[in-house]
*Asks:* 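Sharing a structure, written as structure tokens. Questions coming.
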Amino acid sequence: MDRNQLTDAATYKLTIIVPSYNEADNMLPLFEAIERDVHEQNREIIVVDDDSPDGTAEVVKKAMSEYGNLKLIVRTEDKGLVNSINEGIRAAQGEVIVWLDADLTMPPHHLNHFLGLLDQGADMVVGSRYKEGGGIKGASENGKTSWSVLLRNIQDSEDSIFGIAISKIGNWTVRNLLEPEYFDYTSGFYAVRRSVFDTIEVKGKYLDYCIRFLVQTVRAGFKVEEVPVVMMPRERGESKTTSGAFTLMKIMFDCFIVIMGLVTRRI
């Protein structure tokens, strides 16, 4: 990504990008959680909405009077997660850039730890479900949950046993083929120094972009820290992905293509 695609100067310590589509019910709870749980006050929140028909943008506009550093970008073309993230990066004025799922599955309180590690010299922090102490949706806060409780929680969430198995096997495979130091290549939960985007572009589709982004950042010589996080189940609204076999197989194929490109260093 060219440097001139970013704003010239960092005005804030932290930019939080929130890609959204039909997340009207989650916007206010997310803003409240950020206000309550994120200690860094010198921050901005940029909601990048893909022209949601449920009124997400209207909810955000009304909230701007209460949250002074809240901004909204409404996109009507080139929709999709990665394009929304890049739109937010181009508009960001923070020294550190984060993107969060709008559904509160990525608890904002983890950002305090992320920022602390960046202050200590890290260039990027990855929230990991599979590092000891982390956990998938439905796990307890300490990441340790009995199988019976976990299975019940999975049934209540939008995940599936099949999807979780693919995620675990896929991350184990990537770890052994690429960078064995890291455990979770597909969490999508990052805090990144602004300077990283001078070199590394966020590129891809759904989960394959996560794999590419982490590996290329490591290979470029940036210091990457991985810390355990416990993801939370969605409580409001509907997931934009599905755990259906066809969709999962398509995601797996996209990830496989990227992994092979990284293994052979063609990408």
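What you see below is based on every heavy atom in this structure, not just the backbone, and it leaves out hydrogens, waters and symmetry mates. Note that the structure is predicted; figures quoted are calculated from it, not measured.
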*Asks:* Has K62 got more than 12 heavy atoms of other residues, nucleotides or ligands less than 6.0 Å from its NZ?
*Replies:* no
*Asks:* Short question: side chain of D254, backbone of D208 - any donor-acceptor pair under 3.5 Å?
*Replies:* no
*Asks:* Would a distance-only check, ignoring hydrogens and angles, find a side-chain to backbone donor-acceptor pair under 3.5 Å from N26 to L104?
*Replies:* no
*Asks:* Does the distance from a Lys or Arg side-chain N to an Asp or Glu carboxylate O, for E44 and K71, drop under 4.0 Å?
*Replies:* yes
*Asks:* Are side-chain heavy atoms of I16 and L14 found at a separation under 4.5 Å?
*Replies:* yes
*Asks:* Do R175's NZ or CZ and the ring of Y185 fall within the cation-pi criteria of under 6.0 Å and 45°?
*Replies:* no
*Asks:* Go through the side-chain N and O atoms of T15 and R194 and say whether any donor and acceptor fall under 3.5 Å apart.
*Replies:* no
*Asks:* Can you check whether L177 reaches M260 side chain to side chain, under 4.5 Å on heavy atoms?
*Replies:* yes
*Asks:* Would you indicate whether the side-chain heavy atoms of V126 and V227 approach each other to under 4.5 Å?
*Replies:* no
*Asks:* For the atom pair CZ (R36) and NE2 (H109), what is the distance rounded to the nearest 0.5 Å?
*Replies:* 9.5 Å
*Asks:* Working to the nearest 0.5 Å, report the span between CD1 of I251 and OG1 of T186.
*Replies:* 10.0 Å
*Asks:* Does the R43 side chain pair with the main chain of V38, one donor and one acceptor, at a distance under 3.5 Å?
*Replies:* yes
*Asks:* Could you measure the distance from the CD atom of Q93 to the CG atom of N69? Nearest 0.5 Å is fine.
*Replies:* 9.5 Å
*Asks:* Answer with yes or no whether the side chains of D50 and S20 bring together a donor and an acceptor at under 3.5 Å.
*Replies:* no
*Asks:* R193 versus L118: any side-chain heavy-atom pair under 4.5 Å?
*Replies:* yes
*Asks:* In chain order, what residues pass the salt bridge (Lys or Arg N to Asp or Glu O under 4.0 Å) check against D49, with sequence neighbours excluded?
*Replies:* none
*Asks:* Grab the two heavy atoms, one from L70 and one from A63, that are nearest each other, plus how far apart they are.
*Replies:* CD2-CB, 3.8 Å
*Asks:* Could you check whether R219 pairs with E179 (Lys NZ or Arg NE/NH1/NH2 to Asp/Glu carboxylate O, under 4.0 Å)?
*Replies:* yes
*Asks:* Tell me whether M252 is reachable from W172 by hopping between hydrophobic residues (I, L, V, M, F, W, Y) whose side-chain heavy atoms are closer than 4.5 Å.
*Replies:* no
*Asks:* How long is the gap from CG on N86 to NZ on K203, to the nearest 0.5 Å?
*Replies:* 11.0 Å
*Asks:* So do the side chains of V218 and Y182 get within less than 4.5 Å of each other, counting heavy atoms only?
*Replies:* yes
*Asks:* Closest approach of K131 and F183, non-hydrogen atoms and distance?
*Replies:* N-CB, 4.0 Å
*Asks:* Give the C-alpha distance, both sets of side-chain angles, the deciding distance and a yes or no for side chain to side chain contact (heavy atoms under 4.5 Å, CB included) between K250 and K205.
*Replies:* CA-CA 11 Å; K250 177 66 169 60; K205 296 178 183 177; 3.6 Å; yes
*Asks:* Tell me whether R212 contacts the main-chain N or O of V202 through its side chain, where contact means a donor paired with an acceptor under 3.5 Å.
*Replies:* no
*Asks:* I'd like to know whether V192 forms a side chain to side chain contact (heavy atoms under 4.5 Å, CB included) with F222, so could you lay out the CA-CA distance, the side-chain angles of the two residues, the decisive distance to 0.1 Å, and finally the verdict.
*Replies:* CA-CA 10 Å; V192 190; F222 292 105; over 6 Å; no
*Asks:* Can a salt bridge be assigned to the pair R90 and E87 using a cut-off of 4.0 Å between side-chain N and carboxylate O?
*Replies:* yes
*Asks:* Could you give the distance from CZ (R265) to CD (Q216), rounded to the nearest 0.5 Å?
*Replies:* 10.5 Å
*Asks:* Side chains of D54 and Y21: does their closest heavy-atom pair fall under 4.5 Å?
*Replies:* no
*Asks:* Do E23 and T56 have a side chain donor and acceptor closer than 3.5 Å?
*Replies:* no
*Asks:* Identify the two heavy atoms, one from A10 and one from E95, that lie closest to each other, and give their separation to 0.1 Å.
*Replies:* CB-CG, 3.6 Å
*Asks:* Heavy atoms only: give me the nearest L100-P19 pair and the separation to one decimal.
*Replies:* O-CD, 3.5 Å
*Asks:* Could you give the distance from CD1 (I259) to OG1 (T173), rounded to the nearest 0.5 Å?
*Replies:* 7.0 Å
*Asks:* Looking at every non-hydrogen atom in both residues, tell me the closest pair between D184 and S128 and how far apart they are.
*Replies:* CB-OG, 3.3 Å
*Asks:* Short question: side chain of D51, backbone of R75 - any donor-acceptor pair under 3.5 Å?
*Replies:* no
*Asks:* Pairing donors with acceptors under 3.5 angstrom, does anything connect the side chains of Y130 and S167?
*Replies:* yes
*Asks:* Is there any ring-ring contact (aromatic ring centres under 6.0 Å, His included) pair reaching into residues 39-94, and which pairs are they, with sequence neighbours excluded?
*Replies:* F31-Y67
*Asks:* So, R266 versus T264: side-chain donor-acceptor pair below 3.5 Å or not?
*Replies:* yes
*Asks:* Specify the closest pair of heavy atoms between G88 and I17, including all atoms of both residues, with the distance to one decimal.
*Replies:* C-CD1, 3.4 Å
*Asks:* Evaluate side chain to side chain contact (heavy atoms under 4.5 Å, CB included) for I211 paired with V174, printing each intermediate quantity in order.
*Replies:* CA-CA 8 Å; I211 299 170; V174 178; 4.2 Å; yes
*Asks:* Is there a side chain to side chain contact (heavy atoms under 4.5 Å, CB included) between Y209 and L81? Walk through the geometry before answering.
*Replies:* CA-CA 10 Å; Y209 96 83; L81 175 62; 4.1 Å; yes
*Asks:* If only atom types and distance count, is the side chain of Y190 paired as donor or acceptor with the main-chain N or O of L214 below 3.5 Å?
*Replies:* no
*Asks:* Below 6.0 angstrom between ring centroids: does that apply to F114 and F189?
*Replies:* yes
*Asks:* Has the side chain of E40 got a donor or acceptor atom that lies under 3.5 Å from a matching backbone atom of N42?
*Replies:* yes
*Asks:* When the ring planes of F197 and W99 are compared, do they come out parallel, tilted or perpendicular, using 30° and 60° as the limits?
*Replies:* tilted
*Asks:* Tell me whether I169 is reachable from M231 by hopping between hydrophobic residues (I, L, V, M, F, W, Y) whose side-chain heavy atoms are closer than 4.5 Å.
*Replies:* no
*Asks:* Just wondering, do I73 and V47 contact through their side chains at under 4.5 Å, heavy atoms?
*Replies:* no
*Asks:* Just wondering, are more than 12 heavy atoms of other shown residues or ligands nearer than 6.0 Å to CD in Q41?
*Replies:* yes
*Asks:* Between K223 and D123, does at least one N-O distance fall below 4.0 Å, as a salt bridge requires?
*Replies:* no
*Asks:* Does a side-chain heavy-atom distance below 4.5 Å link T217 with V196?
*Replies:* yes
